[in-house]
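The next block holds one structure in the form of structure tokens; read it before the comments.
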Amino acid sequence: MEHIDRREVLLGSGAASGALLLGGGFASAAEIREQLIPWADQPPPVPPPAQAVVKTLTPWENLDSWITPDDKFFGVGHYEWPAIDAATWRLDVVGQVGSPHTYTLNDLKARPRQEVTFTLECSGDNGLPFLTSAIGNAKWAGAPLAGVLEAAKAKGGAKEVVFFGADRGDEVLRPGTPSELKISEHFARSMSIEDAMSAANILCYEMNGEPLTAARGAPVRLIAPGWFGIANAKWLRRIEVRDTRFMGRFMARDYVTVREESRDGETVVEQTSVGRVLLKSAPARVTRTDGGYRIAGMAWGPTPIAAVEVKIDDGAWMKATLAEADNSPFAWRFWHLDWAATSGEHSITSRAIDAAGKVQPAMDDPIIANKKTYWESNGQITRKVRIV
Ligand SMILES: Nc1nc2c(c(=O)[nH]1)N[C@H]1C(S)=C(S)[C@@H](COP(=O)(O)O)O[C@H]1N2
Ligand SMILES: [Mo]
């Protein structure tokens with residue numbers, strides 16, 4: 001924890017501003033070095049139909065520690081949120097395997113333990129007006145998935161691994177037609193065997209040194225570092241190896257990114273299942289400091305972050321200061337920029353740049369502008385702030 005605390009001090013985003021946010025009242029100037037300036041463009045509340053799916057969201061400005069504690073972690077679940085008795089819980093590893101296995105929680109804990117710090121982002125983050133800051137960074141621990149799959153001995157011809165949750169719901173196929181079909185479907189996501197065998201994947205039972213909470217997917221969830229939230233199946237119940245492609249709701253019908261592309265002057269529609277995380281950054285908060293103002297935020301993506309740039313109104317891009325690099329390739333990087341703000345309303349945009357020089361796309365970049373569904377929205381985020 002020592003290096004994390006030091007980073008927070010460097011960012012000025014530690015206990016002082018946190019106390020102000022949580023306490024609500026005014027602390028003396030000696031106690032607080034920074035005062036939060038609220039964003040002028042607060043997102044609307046989660047509307048009632050979506051409240052069943054998006055249970056918790058912490059505003060960007062309150063995601064002020066590099067490690068996100070469980071009570072600030074966003075929560076998404078599509079069906080009822082199961083409460084599972086860890087003592088009787090079992091995980092079946094079945095399908096096209098030579099050696100099916102059933103694991104208890106203790107069986108998994110007896111296997112080698114692996115930790116990974118990974119920033120989990122919902123692929124819907126920033127895709128809808130109310131769905132923002134659906135992201136958090138945590139230290140996850142569990143049993144490497146690869147060893148569990150190896151023990152099952154996939155048969156020749158096996159193609160995919162499907163991760164089934166304990167949660168389920170009714171789905172209607174071909175609604176409104178004579179062949180309408182209602183099925184009860186468990187939450188499930190699949191991966192190619194190759195992707196599933198990645199050394200980073202864990203069958204996770206711990207977050208930030210504590211057992212997973214029910215909201216996070218207790219007793220065991222998949223943590224697939226580098227993938228959007230949807231791949232990280234919670235409340236795991238069954239792992240199935242298959243020789244055909246899995247076509248459940250969350251692979252084939254929902255969480256499909258639809259994009260129009262121009263090919264030789266012809267418009268074609270591309271449809272892809274939500275995949276790996278994308279290069280992105282967010283201005284998280286503006287604070288008043290002793291000498292002026294500070295813009296702080298985070299950047300993350302599939303490759304190491306080399307730089308973050310910030311634009312105020314229509315000004316030139318300015319280089320932000322990145323927090324110390326951590327040895328966590330899957331974790332976000334904090335950044336800040338000191339700003340001599342003038343009074344009035346300003347817009348603040350950030351963009352992340354990776355080591356290969358790839359730049360987070362602008363909102364009018366065709367890759368964002370031609371996207372028809374709201375998932376995988378990694379376009380540059382612009383926020384508004386009023387300086388008095
Ligand atoms: N079993 C199950 N796992 C699930 C989901 C779900 O609905 N059921 N939602 C997914 C989605 S869309 C996201 S963004 C993440 C959210 O994880 P969190 O609630 O721990 O933040 O869980 C994923 N895993
Ligand atoms: Mo999600």
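Just so you know, ligand 1 is whichever comes first in the structure, and atom 1 is the first atom listed for that ligand. Reckoned from all heavy atoms, side chains included, excluding hydrogens, waters and symmetry mates.
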Worksheet item: With a cut-off of 4.0 Å, which atoms of ligand 1 are near a heavy atom of F73?
Response: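 That gives atoms 21 (O) of ligand 1.
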
Fill in: Atoms of ligand 1, numbered as shown, that sit under 4.0 Å from any heavy atom of A233
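Checking each atom against A233, I get 3 (N), 24 (N).
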
Discussion item. How far is atom 3 (N) of ligand 1 from the closest protein heavy atom, and which atom is that?
Written reply: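 For this ligand atom, the closest protein heavy atom is K234 N, 2.8 Å.
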
Are [Y] and [X] an aromatic pair, judged by ring center distance below 6.0 Å?
| X | Y | result |
| --- | --- | --- |
| F187 | F250 | yes |
| F334 | H336 | no |
| Y255 | H78 | yes |

Worksheet item: Touching ligand 1 at all, G77? Heavy atoms, strictly under 4.0 Å?
Response: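 In this structure, G77 qualifies as a contact of ligand 1 - some heavy atom is under 4.0 Å.
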
Discussion item. When you measure from the heavy atoms of R221 to every atom of ligand 1, does any distance fall below 4.0 Å?
Written reply: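 The answer is yes, since R221 has a heavy atom less than 4.0 Å from ligand 1.
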
Worksheet item: Do we get R216 above W140's six-membered ring, with its NZ or CZ under 6.0 Å from the centre and within 45° of the axis?
Response: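 Not flagged: R216 not positioned over aromatic ring of W140.
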
Worksheet item: Taking atom 5 (C) of ligand 1 as the point of reference, which of F187, Y79, F163, F250 owns the nearest heavy atom?
Response: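 It is F187 whose heavy atom sits nearest to atom 5 (C) of ligand 1.
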
Per-residue contact class, [X] against ligand 1 - non-hydrogen pairs under 4.0 Å:
| X | answer |
| --- | --- |
| L120 | side chain |
| F228 | neither |
| W235 | side chain |

Fill in: All side-chain contact (heavy atoms from CB on, under 4.5 Å) counterparts of K319, not counting sequence neighbours
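Scan of K319 (side-chain contact (heavy atoms from CB on, under 4.5 Å), adjacent residues dropped) gives A307, E309.
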
Determine all donor-acceptor pairs shorter than 3.5 Å in which one atom belongs to a side chain in residues 147-162; sequence neighbours excluded.
unit_1: E160; atom_1: OE1; unit_2: S190; atom_2: OG; d: 3.1
unit_1: E160; atom_1: OE1; unit_2: F246; atom_2: N; d: 2.9

